Amino acid sequence: MNLDFTKDQDMIRKSVAEFVAKECPYEHVKELEESDVGYSPELWKKMAELGWMQIYFPEEYGGLGDPFMDLMIIIEEMGKTATPSPFFSTVIQCGLTILEGGSEEQKKELLPKIANGQLIMALAQYEEEASYLPSGITMPAQLSGDHYVLNGAKMFVMDGNIADRLIVAARSEDAGITLFLVDAKDPGITCTKMPAIGMDNVCEVVFKGVEVPKEDVIGEPGRGWEILERMSQKAVVAKCAEMLGGCKVSIDMTADYAKKRVQYGKPIGGFQAIQHYMANMQLAYDTSINYLYKVAWMIDEGMDISQEASALKAQVNEAYKFITERGVQIHGGVGTTREFNIALFYRRAKSAEYVLGDTDYHYEKVAQSLGM
Amino acid sequence: MDFQLTKEQQALKEEFEDFFREEMKNAPPEYGHGGLEGVYATEEGFRFHKYMAKKLGEKGWLSRPWPKEYGGVEAPLMEQLIFNEVAAYHRAPGVDPFGIGMFAPTLLVGANEEQKKRLLPPLAKGETFYCQGWSEPDAGSDLASLTTTAVKDGDHYVINGQKTWTSGAHRADHMFLLARTDPDSTRSRGLSMFNLRMDYPGIEVSPILYMDNKHLYNDVFFNNVRIPEYDRIGAENDGWNLTRATMNFERSGAGVFAAAKTTLQEIIDYVKTTKRDGKFLSENPIVRQKIAKLFIDTEVGQALAYRITWLQQQGGLIFAASAASESKVFGTELSQRMANYATEIMGLYGQLEESQWAPMEGTMATLYQFCTGMNIWAGSNEIQRNLIAWVGLNLPRFK
């Protein structure tokens, strides 16, 4: 047993932290939130040059073949500055979907481009009903000769507005849920950004007679859900790393504020009401973060994490909301303003809650895993 | 990062498992789900505790972490954690929480050679049983304000005063006592630690019945009790520092989460086999959610406990101290949540104590009552939260 990170991992963490602190201060994050594209292409390019997108992909696909733990560290640190980027949609959701389910050709074509930052991708899974279950995927994929035709609307597509390629989950009549690689610039596609709490790139994407060649199916027809599930388990761990990065800075900035803010002649951090809030926040963080590391380790060991991934997401969903909500409360009035950064994380906690399943969804998965 | 037990740790764990699985078959019904009530409330429970202590002593497992010269094998903290987890998972008694858990580490740090040679071997063999003479009616969370006095008289000290909430004082044969030796002192400076026998003249033990009418706690009155000077542990007036000397022993709370896993499995078995309104309870979405939540709590609590022990082992004592407070808060409040959820899920049956009608032998109704005490003992959860804020987050301390 060894619960320390390696020296190399400590160095990765340090270099990512320094980079994002310098390149993406909170003022910049808020500017990006107000922009149409919602991210910084320059910053994205620099991140690619640093090799962050290569980390986890195998060497034969342009990656570095490093452990998931290293990827997790990078994401955790990016979470601390709330760095807006298509990293999660492109590298994690779409990259892992291709890695888990793609053909050799697809992997060879797409993964190196993701790994060097040339290609931005988005996953189109949810629909109007907003179900996380397979039954929520109803958009038809009509087989017509050597191609499929997609018609319908996808919702909550993160980074749909900036993606070059989409992965679309649709239902083929004979095979069931199938994943398609689709050119995002197809004239049959219209993409509209939806205004959301996270001020991020959640989009509605409408497909009208979009033709997809048969060879652009990921995996085999009908295997879509299984691939999504495999991707989701790892992606949940990545998302939770980002969220816990947000938890950590929220606690730190709140503790700093509580030490500086004076009322009744004393720093408010000396009042027990505030101390007990903060102790509860720290407790929510420490229980979550150590579990995150354990589950990330399990991924690298090739262990089944279907139960743990759901336990982790439910835990971190609630921890992040709790920590940021108390953070705003301890900040008092200024905590509710656009200027103060705690509110940024309060909003992010809500949008992250929905990613890859909300708390109720994951509670149910945990219950199933316990044989109930 | 590597969460896997080493081969040696794994083998050790299996050895512990085999022992406890076998020996727990000897538990009398009065022992119930164990814990302090299981051990102290009945003659039968305490007899089983003593039986297990003797067995553990024969194996050398009570003294594993101690230095070799006092009968230990200097077992690292992680091995202590594994032992504590396995024992808790089986709800096993035998490790005196006061003698082995608190006093022995204090002796190792603060006692002289003669005291170590005299007091440690009977503890290691599971022959002496201690209670903890710390809390007083007016000194609970604020322990340093205690007023029981120890006045030097030749080669003895004379003790007067009262201790309270003394778990198991009616069964223990010894006490480790914190008393004021400097009459001019007010707070932590003038206190000394003593080892004393409970059969000394002038000691009166009187029960404080718990809300479920069980006898665990006691008041202990001292009326001119004479303790030989050689039983003062550490320097005179240095007792407060000794109360802090136990930092280097396993305090992750891992056992609480291991025990919670056992209980949770029993709750799961219950909901999967019990029908109400034509459906198994396990089909009810509210029940499913409550159980999922409890499961997650046991998982993340365990991860925290391992982290604490790891950091303690690596010398990261500051985080470990704050996180040990977190583990105490989380573990005790988890027990409370578990008891509350379980008794809610059981419906009307949730109120029943051990009887032919009670689900899970009435243990959840017992826990529902007992857990309130856990949030208060060993430093109330409010004080623990203060410590987390002061030590972990560097917020200003109140004086």
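A note on names: the letters A, B, ... follow the listed sequences, proteins ahead of strands, and every chain is numbered from 1. Side-chain atoms are counted along with the backbone in the values below, which use heavy atoms only and exclude waters and symmetry mates. Remember, predicted model here, so these are calculated numbers, not experimental data.
Neither the backbone nor the side chain of B:Gln313 comes within contact range of chain A; no heavy atoms are under 4.5 Å apart. With a threshold of 4.5 angstrom between heavy atoms, B:Glu283 does not approach chain A through any atom at all. Residue B:Asn381 does not touch chain A at all, counting heavy-atom pairs closer than 4.5 Å. For B:Ile268, the part lying under 4.5 angstrom from a heavy atom of chain A is the side chain only. If you measure heavy-atom distances from B:Gln384 to chain A, you find no contacts under 4.5 Å at all. Both the backbone and the side chain of B:Phe3 have a heavy atom closer than 4.5 Å to some heavy atom of chain A. If you measure heavy-atom distances from B:Tyr306 to chain A, the contacts under 4.5 Å come from both the backbone and the side chain.
You'll find the side chain of B:Leu311 stays beyond 4.5 Å of the side chain of A:Leu3, heavy atoms only. Within the 4.5 Å cutoff, no side-chain heavy atoms of B:Val300 are placed close to those of A:Asn290. Side-chain contact between A:Asn2 and B:Trp310 is present, with heavy atoms from C-beta onward closer than 4.5 Å. The closest side-chain heavy-atom distance from B:Asn386 to A:His276 is below 4.5 Å. By the 4.5 Å heavy-atom criterion applied to side chains, A:Phe5 and B:Met1 are counted as neighbours. In this structure, the side chains of B:Gln4 and A:Met1 stay at 4.5 Å or more apart for every pair of heavy atoms.
Between the CG atom of A:Asp286 and the CD atom of B:Glu326 there is a distance of 4.0 Å, given to the nearest 0.5 Å. A distance of 12.5 Å separates NZ in A:Lys294 from CG in B:Leu304, rounded to the nearest 0.5 Å. Note that CG of B:Leu393 is 9.0 Å distant from CD of A:Gln275, once rounded to the nearest 0.5 Å. Expressed to the nearest 0.5 Å, how far CG of B:Leu294 lies from CG of A:Leu370 amounts to 10.0 Å. One finds the CD atom of B:Glu299 at 10.5 Å from the CD atom of A:Gln315 (value rounded to the nearest 0.5 Å). Interatomic distance, B:Phe295 CZ to A:Met372 CE, rounded to the nearest 0.5 Å: 10.5 Å.
Within a 6.0 Å sphere centred on OH of A:Tyr132, other residues, nucleotides and ligands contribute more than 12 heavy atoms. More than 12 non-hydrogen atoms from other residues, nucleotides or ligands lie less than 6.0 angstrom from CG of B:Asp2. Within 6.0 Å of the CD atom in A:Glu129, the count of heavy atoms belonging to other residues, nucleotides or ligands does not exceed 12. Counting non-hydrogen atoms of other residues, nucleotides and ligands closer than 6.0 Å to CG of A:Leu133 gives a total above 12.
The greatest number of non-hydrogen atom pairs below 4.5 Å with chain B, out of A:Leu312, A:Leu283, A:Thr6, is found for A:Leu283. Chosen from B:Ala305, B:Ser322, B:Pro396, B:Pro285, the residue pairing most often with chain A at heavy-atom distances under 4.5 Å is B:Pro396. Here A:Ala311 is the residue among A:Ala255, A:Ser288, A:Ala311, A:Ala296 with the most heavy-atom pairs under 4.5 Å with chain B. For the options A:Phe271, A:Tyr291, A:Tyr293, heavy-atom pairs under 4.5 Å to chain B are most numerous at A:Tyr291. Put simply, of B:Gly301, B:Gly392, B:Ser327, B:Ala389, the one with the most heavy-atom pairs under 4.5 Å next to chain A is B:Ala389.
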Run the side-chain contact (heavy atoms from CB on, under 4.5 Å) check on B:Arg288 and A:Tyr363 step by step: do they pass? CA-CA 8 Å; B:Arg288 296 171 76 81; A:Tyr363 279 157; over 6 Å; no

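The main-chain N or O of A:Gly371 is found under 3.5 Å from a side-chain atom of B:Lys272 such that the two form a donor-acceptor pair. Without hydrogens or angle criteria, B:Arg385 side chain to A:Tyr277 main chain gives no donor-acceptor distance under 3.5 Å. A donor-acceptor pair under 3.5 Å is absent between the side-chain atoms of A:Gln272 and the main chain of B:Ile383, judged by distance alone.
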